[in-house]
Amino acid sequence: GHKSFPKISVFGSVTYNQGPGRTHYDYTDPADQSVTVVDDVKSTVSLTRFTAGIRYRFLEEKKMNFFAGGGYQFGILNVNLDRGNFKGKALVTDDFEQNENQNLRGFFGELGGEMRFDGDFGIRLSAQLSSVSTDRFEILGDRGVDFNLATVAVSYVWFVN
């Protein structure tokens, strides 16, 4: 924030998430145009996001304030397939592609509140809803992934006056 616009602040963040997933594998080998399709392959999905946005403090008290915000995000979505699970389900494994990254982009909105413990330090609770789309994955039949992501965060805050 800046003293010229006391209710508005600009912010950015970096987040990383990882977890298990299940993938419909659909890959066409560019060398010989052979197609391999396997349903329900175990995978690990990781998401790295960079966000930039604006917050507006709509209710301010001495020790507490509430805000709404939104902005743009971009990053990388990685799908890493479990080789053993794939081999157990596929007849031919010659063209297996285990890992692929694609760029993502989208928008988000958020609501939250901050509590100051003293003049410079505090805690923030925020909830963010994102809508994200990726570029096309070769291992997913040349299709992109569209998804919504809900995030709840508790953060330590250092206020710069």
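Keep in mind that this is a model prediction, so the values were computed, not measured. All heavy atoms count here, side chains included; hydrogens, waters and symmetry mates do not.
- Taking the six-membered ring where tryptophan is involved, the planes of F11 and F108 are perpendicular, since the angle between them exceeds 60° and thus also 30°.
- Contact detail for S43 and L81: the closest heavy-atom pair is CB-CD2, 3.7 Å.
- Atoms CZ and CD1, on R57 and I8 in that order, are 9.0 Å from each other to the nearest 0.5 Å.
- A continuous path of hydrophobic side-chain contacts links V14 to F74 [ILVMFWY only; heavy atoms under 4.5 Å].
- In the displayed structure, L125 atom CG is contacted under 6.0 Å by more than 12 heavy atoms of other residues, nucleotides or ligands.
- Between K62 and R116, the shortest heavy-atom contact is O-CD, 4.4 Å.
- E114 places no side-chain N or O within donor-acceptor distance of the main-chain N or O of N65, the cut-off being under 3.5 Å.
- Looking at T134, its side chain does come within 3.5 Å of a backbone N or O of V145 through a donor-acceptor pair.
- By the 4.5 Å heavy-atom criterion applied to side chains, V157 and R124 are counted as neighbours.
- Considering only heavy atoms from C-beta on, P30 stays 4.5 Å or farther from E138 through its side chain.
- A salt bridge (charged side-chain N to carboxylate O under 4.0 Å, His left out) with R22 is found for exactly one of D82, D40, D39, namely D40.
- Note that CG of D142 and OG1 of T28 are 8.0 Å apart. Values are rounded to the nearest 0.5 Å.
- Two residues are said to be in side-chain contact when any heavy atoms from C-beta on lie closer than 4.5 Å; T23 and L140 meet this criterion.
- The shortest distance between side-chain heavy atoms of V154 and I123 falls below 4.5 Å.
- Across every non-hydrogen atom of T151 and R49, the tightest pair is OG1-NH2, 3.6 Å.
- Linking ILVMFWY side-chain heavy atoms closer than 4.5 Å, directly or via other members, places F66 and L129 in two distinct hydrophobic clusters.
- Put simply, the side chain of E100 gets close to the backbone of I139: a donor and an acceptor are under 3.5 Å apart.
- When all heavy atoms of F117 and K63 are compared, the closest pair comes out as O-NZ, 3.6 Å.
- In this structure the side chain of H24 reaches within 4.5 angstrom of the side chain of V37, judged on heavy atoms.
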Take T15 and T48, measure what side chain to side chain contact (heavy atoms under 4.5 Å, CB included) needs, and give me the verdict at the end.
CA-CA 6 Å; T15 57; T48 304; over 6 Å; no
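- When every heavy atom of F137 is checked against every heavy atom of N101, the shortest pair comes out as CE2-C, 4.2 Å.
- Using a 4.5 Å heavy-atom threshold, the side chains of I76 and L104 count as separate.
- Rounding to the nearest 0.5 Å gives a distance of 4.5 Å between CE of M115 and CE of M64.
- You'll find the side chain of L149 reaches within 4.5 Å of the side chain of L47, heavy atoms only.
- Ring geometry, Y72 versus F107: the interplanar angle exceeds 60°, so the pair is classed perpendicular (tilted spans 30 to 60°).
- What you find for Y25 and V41 is that their closest heavy atoms are CB-CG2, 4.2 Å.
- Contact annotation: the side chain of D120 approaches that of W158 to within less than 4.5 Å [non-hydrogen atoms, C-beta and beyond].
- There is a side-chain donor-acceptor pair under 3.5 Å between D146 and S133.
- When atom types are taken as modelled, the side chain of N80 and the backbone of T44 share no donor-acceptor pair closer than 3.5 angstrom.
- A cation-pi contact links R55 to F67, judged by a cut-off of 6.0 Å to the six-membered ring centre and 45° from its axis.
- The number of heavy-atom neighbours closer than 6.0 Å to CZ of R105, taken from other residues, nucleotides and ligands shown, is above 12.
- With hydrogens and angles left out, the side-chain atoms of S130 and Q73 include a donor and acceptor closer than 3.5 Å.
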